[in-house]
Peer 1: 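Just passing along the structure, written as structure tokens.
Just so it is clear, the structure is predicted and the values come from calculations on it, not from any experiment. Counting starts at 1 for both ligands and their atoms, following the listed order. The figures here come from the full heavy-atom set of this structure, side chains too, leaving out hydrogens, waters and symmetry mates.
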Amino acid sequence: MSSTEKNLLDPGFELTLRPMRYPDFYERYRDAIKNTWTVEEVDLHSDVADLAKLTPGEQHMIGRLVAFFATGDSIVANNLVLTLYKHINSPEARLYLSRQLFEEAVHVQFYLTLLDTYLPDPADRAAAFDAVENIPSIREKAEFCFKWINEVEKLDSLQTQADRRRFLLNLICFAACIEGLFFYGAFAYVYWFRSRGLLHGLATGTNWVFRDETMHMSFAFEVVDTVRKEEPELFDDQLQQEVTDMLREAVEAELQFGRDLCGEGLPGMNTDSMRQYLECVADQRLQRLGFAPVYGSENPFSFMELQGVQELTNFFERRPSAYQVAVEGTVDLDEDF
Ligand SMILES: [Fe+2]
Ligand SMILES: [Fe+2]
């Protein structure tokens, strides 16, 4: 078989970059490099004073949030290396994934620094990093992730349609449910604090992470689009049903986390509004994948509607000299919030 007849999910480690078969993936790699940021640029100083002002309910929410952040990006990074890099057979896509892996490492470093700053007591730190074991609402989300990692763990190569379907479910799980739903839920709590003038350092770092995650998700969806063009027979009613069920499960997993975080509810943030937000986001993910939405919920969080615009403004206005490379062109933020 000549290289031009190969599909993206055909097994192998394609090396040829010319002629370039997937130039869009290469452009995404180049765009991502323009967005380089470092943890040292984020000033967490004022957060410590803010933390002391929070109510016990708010402090509980922050404790749970940082405990989730302590491991979330590591799980994504592991799946990237163990599954996505192995099976997406395009050197252009693998360049992007290499860059994404670096970004996930920066996220892990950011949350490590955040936890060290927020939790001065070594016992509290250890408990937060051990959240997957000892906090049930976080363990449930981790188990959801591990289930979809384990589904494909034994696959050395995608030989059959069934293999490819399993791989697609893993890819879609990480993009739509983990980066695209669990993380978006977590970001919503951060921006809720910011909307009240609190935890500016956390919000600043979250701006960069949010932007990265949006691009990771967008890349994964482009991989899905490419596979759909090359192998449309994989996208049948069964896949749609499996993806829809997976998203429903993700919404429930995130919601039980939300119940733990919100307790009886805080002004402007409670489990009802979080449910509505998650359902709205899940519908957007389904629609982006070409599937029918199932919830019909509206976004209740005005601070998240603004986020896309604000984040870009911050990115271009607040740190023009911090770029490691000059930025030209536009930013691709084609995913909805
Ligand atoms: Fe990340
Ligand atoms: Fe990511």
Side-chain angles (χ1 to χ4, degrees), residues 25 28-29 31-42 65-88 93-115 128-129 131-132 138 141-142 144-146 148-149 170-191 201-224 247 250 254 257 281 284-285 288-289 307-308 311 315 331-337:
F25 296 150
R28 283 174 182 275
Y29 162 74
D31 283 346
I33 286 177
K34 293 172 191 166
N35 300 332
T36 300
W37 61 282
T38 64
V39 173
E40 285 71 18
E41 293 171 73
V42 182
L65 256 189
V66 297
F68 167 69
F69 284 138
T71 43
D73 289 87
S74 293
I75 293 174
V76 171
N78 292 347
N79 190 68
L80 190 163
V81 173
L82 298 174
T83 298
L84 306 188
Y85 196 95
K86 188 159 67 172
H87 296 305
I88 301 175
R94 286 182 173 125
L95 279 175
Y96 182 83
L97 289 170
S98 305
R99 168 66 194 195
Q100 182 182 339
L101 186 62
F102 165 72
E103 290 172 358
E104 301 301 0
V106 174
H107 301 174
V108 171
Q109 184 199 354
F110 173 60
Y111 294 121
L112 172 65
T113 308
L114 187 80
L115 261 79
F129 280 105
V132 169
I138 293 179
K141 290 209 288 183
F144 173 84
C145 304
F146 295 146
W148 293 100
I149 292 175
N170 174 281
L171 175 70
I172 290 170
C173 176
F174 273 78
C177 299
I178 301 172
E179 294 179 311
L181 191 88
F182 288 175
F183 287 2
Y184 272 64
F187 298 153
Y189 298 107
V190 173
Y191 290 126
L202 173 59
T204 303
T206 300
N207 284 342
W208 313 144
V209 175
F210 193 132
R211 176 194 183 79
D212 292 345
E213 298 305 348
T214 303
M215 292 180 81
H216 301 165
M217 187 170 60
S218 178
F219 167 81
F221 288 152
E222 194 182 324
V223 171
V224 172
L247 264 154
E254 184 58 33
F257 182 64
V281 172
Q284 286 171 1
R285 304 299 173 247
R288 173 62 186 81
L289 289 161
Q307 180 50 29
E311 188 243 0
F315 198 72
V331 176
D332 176 21
L333 262 182
D334 57 359
E335 306 309 329
D336 293 325
F337 298 96

Peer 1: Specify which N/O/S atom of H107 comes nearest to the Fe ion (ligand 1), by atom name.
Peer 2: ND1
Peer 1: Among the N/O/S atoms of E179, select the one at the shortest distance from the Fe ion (ligand 2) and name it.
Peer 2: OE2
Peer 1: Examine E213 and say whether one of its N/O/S atoms is closer to the Fe ion (ligand 1) than 2.8 Å.
Peer 2: yes
Peer 1: Would R94 and Y29 count as a cation-pi pair here, with the cationic atom under 6.0 angstrom from the ring centre and within 45° of the axis?
Peer 2: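 No - R94 does not lie over the ring of Y29 by the 6.0 Å and 45° rule.
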Peer 1: Report whether any nitrogen, oxygen or sulfur of H216 sits less than 2.8 Å from the Fe ion (ligand 1) (N, O or S, backbone or side chain).
Peer 2: no
Peer 1: Given 3.5 Å as the limit, does a donor-acceptor pair link the side chain of R211 with the main chain of T206, or not?
Peer 2: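 Between the backbone of T206 and the side chain of R211 there is no qualifying donor-acceptor contact (under 3.5 Å).
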Peer 1: Is the backbone of W148 close enough, under 3.5 Å, to the side chain of N170 for a donor and an acceptor to pair up by distance?
Peer 2: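 Looks like yes, one N/O pair under 3.5 Å.
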Peer 1: Got a donor-acceptor contact below 3.5 angstrom from the R28 side chain to the Y96 backbone?
Peer 2: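 No, R28 side chain to Y96 backbone: no donor-acceptor pair under 3.5 Å.
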Peer 1: Looking at E104, pick out the N, O or S atom nearest to the Fe ion (ligand 1) and give its name.
Peer 2: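 It is OE1, the N, O or S atom of E104 closest to the Fe ion (ligand 1).
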Peer 1: Roughly how far, to the nearest 0.5 Å, is CZ of F129 from CZ of F69?
Peer 2: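 Atom-to-atom, F69:CZ and F129:CZ are 13.0 Å apart.
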Peer 1: Which single N/O/S atom of D73 lies at minimum distance from the Fe ion (ligand 1)?
Peer 2: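 D73's closest N, O or S atom to the Fe ion (ligand 1) is named OD2.
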